[in-house]
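Everything on this sheet refers to the single structure shown next.
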Amino acid sequence: MMAADTACSETVMPTRKHIYIVYTGGTIGMVPTSRGLQPQAGWLEQKLRSLPEFTRAEMPEFTLHEYQPLLDSSDMSPQHWGQIAADILANYSRYDGFVVLHGTDTMAYTASALSFMLADLGKPVIVTGAQIPLGELRSDGHDNLLNALYVAAYHPCAEVGLLFHHRLLRGNRSTKVNSRGFNAFASPACDPLLTLGIDVQRRCPPWQALHSRTPEWQPLQPQRVAVLTLYPGMDFRLLQTLLEQPLDGLIVQTFGAGNGPQQPQLLDALAAATERGTVIVNHSQCQQGGVSMGAYAGSHALAQAGLVAAADMTLEATLTKLHVLLSRSGDRTQVITAARRLLPRALCGELTEAGDE
Ligand code: ASP
């Protein structure tokens with residue numbers, strides 16, 4: 001990894017940059033309708049072009065690609081993550097950076113997915129949106145988008161970031177924590193990349209250096225992945241029913257440092273699914289600290305049943321990483337073995353490896 005100073009430059013205004021905006025939907029461009037807020041085709045670009053601050057000489061130029069249909073991000077699926085990644089790749093050499101406008105509800109999933117799909121990214125990709133539509137009084141979309149364009153052009157970090165409420169978070173470390181506040185996102189286990197006050201300040205070195213090579217494309221194939229949260233008093237027949245389905249991957253949300261009840265009904269069902277080739281991940285319900293397999297007998301038993309540790313990854317990062325790893329081409333047994341090996345290892349800053357703390 002190159003030194004932080006080179007990788008995340010804090011330059012005085014150079015030549016005017018050009019940013020490509022991928023507009024997928026979300027509150028930022030929504031208007032009130034009789035059925036609640038909904039995106040309206042064509043509205044956002046017209047609005048932006050009418051706001052003088054977006055076209056000031058100090059700002060980068062932008063080209064906006066509006067998707068059809070525009071979506072509430074609750075409707076986003078892995079297929080849409082693939083569409084956004086392919087769009088960025090197709091335009092990669094023509095622009096200095098990329099901004100993805102997206103609903104906040106599943107923004108952290110898309111940011112995480114893009115970080116794994118665009119391996120060896122050398123230009124900034126910044127995902128942002130708003131809690132209040134741009135057309136309404138007190139919209140946070142104005143500052144979020146203005147800052148995203150400015151940072152992508154003049155303080156670029158070579159990775160996928162999520163910009164919200166004056167902070168650029170590492171995309172695959174972010175999670176939505178507030179459905180009504182402007183401070184909607186947190187990065188519980190990693191400092192922000194940048195904080196935006198009077199000065200733009202770097203808090204955490206970017207994942208890698210800026211470069212102009214085209215990123216490696218990690219496409220997605222449909223995967224049957226489920227998430228199961230453990231809770232006291234759970235009837236393990238529920239798990240058995242779930243595991244009767246043909247699952248490629250299962251994320252088990254465990255207690256504390258990755259512990260589960262030492263019940264044969266649970267452990268036998270998990271071990272049998274591991275045997276059948278399901279990749280099962282031990283993900284902690286805690287937001288910080290992550291999983292320490294083997295620290296307690298409760299996690300040792302899960303390790304014996306074949307679970308692999310999600311370390312301190314967010315659920316969003318764990319789920320999208322699982323999708324990307326299981327989508328690799330090649331012999332299925334080898335793909336499964338590689339997924340189990342790589343899940344606990346950092347691919348692009350998504351987890352803290354032992355010794356990194
Ligand atoms: N439901 C909206 C969405 O995720 C919420 C938002 O954008 O803030 O698309």
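Note that ligands are numbered from 1 as they come in the structure, with each ligand's atoms numbered from 1 the same way. Quantities reported herein were computed from a predicted structural model and do not represent experimental measurements.
Residue D105 has at least one N or O atom closer than 3.5 Å to an N or O atom of ligand 1. The N/O atoms of H102, backbone and side chain alike, include none that comes under 3.5 Å of an N/O atom in ligand 1. Remark: ligand 1 and S74 share no N or O pair separated by less than 3.5 Å (distance only, no angle test). Taking only nitrogen or oxygen atoms, main chain and side chain alike, S73 reaches within less than 3.5 Å of ligand 1.
Within 6.0 Å of atom CZ in R56, 12 or fewer heavy atoms from other residues, nucleotides or ligands are found, so the atom counts as exposed in its surroundings.
Heavy atoms of A130 come nearer than 4.0 angstrom to ligand 1 in at least one pair.
When only non-hydrogen protein atoms are considered, atom 8 (O) of ligand 1 lies nearest to T104 OG1, 2.5 Å.
Taking H166 as the reference, nothing meets the side-chain hydrogen bond (donor to acceptor under 3.5 Å, both in side chains) condition, with sequence neighbours excluded.
Note that R49 lies in the cation-pi zone of F62, set by a 6.0 Å cut-off to the ring centre and a 45° limit from the axis.
A salt bridge links R173 and D312; the closest N-O separation between the charged side-chain nitrogens and carboxylate oxygens is under 4.0 Å. Using a 4.0 Å cut-off between charged side-chain N and carboxylate O, R276 and D248 make no salt bridge.
The two atoms that bring Y231 and L238 nearest to each other are OH-CD1, 3.5 Å, heavy atoms only.
Ligand 1 places these atoms under 4.0 Å from at least one heavy atom of G26: 7 (O), 9 (O). Per-residue contacts place Q131 under 4.0 angstrom from the following atoms of ligand 1 (heavy atoms of the residue considered): 8 (O). Set against the non-hydrogen atoms of T27, the atoms of ligand 1 under 4.0 Å away are 2 (C), 5 (C), 6 (C), 7 (O), 8 (O).
Relative ring orientation between Y20 and Y95 is described as tilted, the plane-to-plane angle lying within the 30° to 60° band.
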